[in-house]
> 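Handing you this structure, nothing more for now.
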Amino acid sequence: MERTHFNGTLTKENIGQDVVLVGWVSKWRNLGSLLFIDLRDRSGIIQVVVRRASENNDPSFQAPECPDVRNEYVVQVFGKVEAKAVENKALKTGAIEVVASKVVLINKAQTTPLIIDDETDALEDVRLKYRYLDLRRPVMQERLITRAKIVKAFHEYLDENGFLEIETPLLTLSTPGGARDFLVPSRVHPGHFYALPQSPQIFKQLFMIGGLERYYQIARCFRDEDLRADRQPDFTQVDIEMSFLDQDQVLTLMEGALAKVFKTVKGIDLKLPLRRLEYLEAVNRYGSDKPDTRYGFELQDVHPLFTESAFEAFKTASSIKAVVVPGIAKATSRKVLDELNLIARKYHLKGVTPLKVEGGVLTGSFTKFLSEKETQGLFKALSLKEDDLVILAGGSDNTDVCFALGAIRIYFAKSLNLIKPNTFDLLWVVHFPLFEINDAGKLVSAHHQFTRPCQEDLPLLDSDPIKVFAQAFDIVINGYEAGGGSMRIYDHDVQYKIFEVLGMSEEDIKKQFGFFIDAFNYGTPPHGGLAFGLDRLAMILSGTDNIRDVIAFPKNLASVCPLTKAPGTVEPKQTEELSIAITKMEKDS
Ligand code: ASP
């Protein structure tokens, strides 16, 4: 099809040129003698003018051939670029327009169920059902372009640094730990299942044992979890593994990749090296293992002030922390304080204790428990000023206390609009605990079972495993965990020990990981790696907080694809072939 230019690339330089353009009718206005068409292609929009009557009653005037047009019709336009009398500042090409000599209809369109514009009032499920129309919205194209640019920057950087892109199987073995697997029944082996990979973790480590030294893959991963705003059941990681480097070298090499991504996608020069914050410091200062450090309200330890407190809960607490929000005491309503209590309850606290500095003194119902010494102590320790709001939280678990105040810190940053758009805060959080206790009270890996414990903590594996720290790290951007990884165990016996500490029997270890730890016996190099969450990176760099905005065909919060209606039922013959009986069936809505 003849086309000389992309619409959004035309500039004043093209004035006087004959052009042939194609695209969709984004808008049209029929003024009788003049028809204006905003013609859109992926590069942008240009105004086309069809003059249907002579401006000066010229009898030889012949109106250009032009069909009836409607929104989203696909057309081809032959014409000449001219300067516009009055520039349209809202449009990148607003200084020029194309005066048509002929408009050809290529395809018609029905009235679309959503407005094809950056602003649309369509509900998300409608947008997802008609995703192919939603994708025509320039803002959506911009997001997918950002995503593609990120991938390209990674490919270039990793290639320049000797990484090989290698694929790993999508049909693999279900292994415990982490999230629930998506299972795929085997037809040829009745009663047996493949699992879709939660990540290529084991395979990429086998690449290292296989001597490939530097691997990466734009890897599709699958986790059968309940969805949250920034999660999808199938998602994409930039998965990376490397041999013979220590943790510092890994972080240095990987922050180089981020620098390349930020430069190519955003034109931003990241200041390297990125900050490295220990997990415990992150929790104690920001109340989060993925802190956004673009704003203050850091947590402050006030526990020593309350050892003699008249308030029993504080007297017996093992942790009491404070957050001070300046200049808002007067304006803070009961309703806001109630919301803070709700946040605190999510972290197993009964609530928080608010205090205000008003008229030079502390006010609030909690003051009845405060001695003069404690009051003076608070003023001094927190450098309190008029109109400060102080939020105190105490409890028996320091992590709960910190995380509750961390969530409150985010609450105020958002409600006070302290986060400037298009600003980026990147840091590594390092030195995580190796294990954590899950909701069922069981010891589980905080990262995964292959994470290398810190050498000095190895003796604790037997005596007090929860105290063991790991050579693990997360990359945090604007308060999101944008990636994470670790140095890996490369010693057969240590790996075996970890499985044991996690409560696996000899038989389980053999069945589930036998092939893996056998490989450790044949010369395993020290190695480590990480995975960047591509969807999250694209989301952050696109300035949206909805992960579905940067995935072409995402699932909704009910794990359904509104476009294809997946998951669907299948023919009885199909389940029979798989030797599977359906014992429970949801009604189709
Ligand atoms: N496989 C890990 C994950 O998906 C990342 C890594 O350790 O490389 O979280």
Side-chain angles (χ1 to χ4, degrees), residues 154 158 163-170 172-182 195-209 212-225 228 230-243 245-247 249-251 253-255 257-258 279 289-290 428-436 438 444-454 469-477 480-490 495 498 502 513 516 524-537 547:
F154 270 116
L158 292 166
F163 288 82
L164 298 175
E165 186 180 18
I166 320 174
E167 288 149 289
T168 49
L170 285 185
T172 176
L173 185 71
S174 176
T175 52
R180 199 175 289 119
D181 283 328
F182 278 103
L196 300 179
Q198 295 189 23
S199 83
Q201 185 63 37
I202 288 186
F203 291 107
K204 66 173 172 174
Q205 290 192 237
L206 291 175
F207 282 150
M208 297 304 105
I209 301 175
L212 288 155
E213 297 205 22
R214 292 187 181 198
Y215 140 94
Y216 83 101
Q217 181 181 194
I218 309 296
R220 308 306 313 280
C221 305
F222 307 86
R223 294 182 194 173
D224 187 4
E225 291 174 305
R228 284 192 252 141
D230 59 352
R231 291 257 167 94
Q232 281 282 298
D234 44 349
F235 59 98
T236 310
Q237 290 185 339
V238 184
D239 192 47
I240 304 173
E241 196 75 11
M242 59 209 96
S243 297
L245 299 179
D246 61 29
Q247 176 168 310
Q249 292 170 312
V250 170
L251 298 191
L253 196 53
M254 291 300 102
E255 62 196 20
L258 287 171
Y279 165 85
D289 57 356
K290 41 181 187 300
W428 294 105
V429 175
V430 298
H431 205 234
F432 279 83
L434 185 66
F435 298 113
E436 61 193 22
N438 72 6
V444 292
S445 295
H447 191 56
H448 52 55
Q449 307 100 313
F450 318 112
T451 302
R452 198 190 302 171
C454 290
F469 278 87
Q471 299 187 45
F473 38 82
D474 278 353
I475 178 75
V476 177
I477 310 180
Y480 288 101
E481 181 197 324
S486 59
M487 302 313 293
R488 323 296 188 193
I489 299 164
Y490 59 99
Q495 185 63 73
I498 295 291
L502 289 168
F513 294 109
F516 184 58
T524 301
H527 60 287
L530 80 175
F532 292 104
L534 177 61
D535 310 297
R536 291 226 184 129
L537 271 178
I547 204 141

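Counting convention: from 1, in listed order, for ligands and their atoms alike.
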> Would you mind listing which atoms of ligand 1 come within a distance below 4.0 Å of any non-hydrogen atom of Gln237?
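Those atoms are 3 (C), 4 (O).
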> At a non-hydrogen distance cut-off of under 4.0 Å, which region of Gln198 contacts ligand 1 (side chain, backbone, both, or neither)?
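For Gln198, there is no contact with ligand 1 at all, from either part.
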> Number the atoms of ligand 1 from 1 as they appear, then name those within less than 4.0 Å of a heavy atom of Lys204, with their elements.
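Taking each heavy atom of Lys204 in turn, ligand 1 has 6 (C), 8 (O) under 4.0 Å.
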> Here's a test for you: under side chain to side chain donor-acceptor pair (under 3.5 Å), which of Gln201, Gln205, Arg488, Arg214 qualifies with Glu241?
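Among the candidates, only Arg488 passes.
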> Is the contact between Ala531 and ligand 1 made by the side chain, the backbone, both, or neither, using heavy atoms and a 4.0 Å cut-off?
both
> Give me the one residue out of Val429, Ile477, Ile475, Val476 that meets side-chain contact (heavy atoms from CB on, under 4.5 Å) with Lys290.
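Exactly one pass, corresponding to Val476.
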> Counting distance only, does the side-chain N/O of Asp535 pair as donor-acceptor with the main-chain N or O of Thr236 below 3.5 Å?
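Checking the backbone N and O of Thr236 against the side chain of Asp535, a donor-acceptor pair under 3.5 Å is found.
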> Assess Arg223 for proximity to ligand 1: is some non-hydrogen atom of it under 4.0 Å away?
yes
> Can you pull out the closest protein heavy atom to atom 2 (C) of ligand 1? Residue, atom name and distance to 0.1 Å, please.
Gln201 OE1, 3.5 Å
> Would you say Arg488 has any N or O atom under 3.5 Å from an N or O of ligand 1, going by distance alone?
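Checking ligand 1 against Arg488, an N or O pair does fall under 3.5 Å apart.
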> Output the distance between atom CZ (Phe182) and atom CG (Asp234), rounded to the nearest 0.5 Å.
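Separation between the atoms: 7.0 Å.
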> To the nearest 0.1 Å, how far is atom 5 (C) of ligand 1 from its closest protein heavy atom, and which atom is that?
Gly484 O, 3.5 Å
> Does the side chain of Asp474 pick up a donor-acceptor pair with the side chain of Tyr279 at under 3.5 Å?
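Tyr279 and Asp474 do not have a side-chain donor-acceptor pair below 3.5 Å.
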> To the closest 0.5 Å, what do you measure between CD1 (Ile240) and CG (Leu253)?
8.0 Å
> When you compare the side chains of Gln217 and Thr168, does any donor N or O come within less than 3.5 Å of an acceptor on the partner?
yes
> Is it true that His448 lies under 4.0 Å from ligand 1, counting heavy atoms only?
yes
> Could you tell me which atoms of ligand 1, counted from 1 in the order shown, lie closer than 4.0 angstrom to a heavy atom of Ser199?
1 (N), 4 (O)
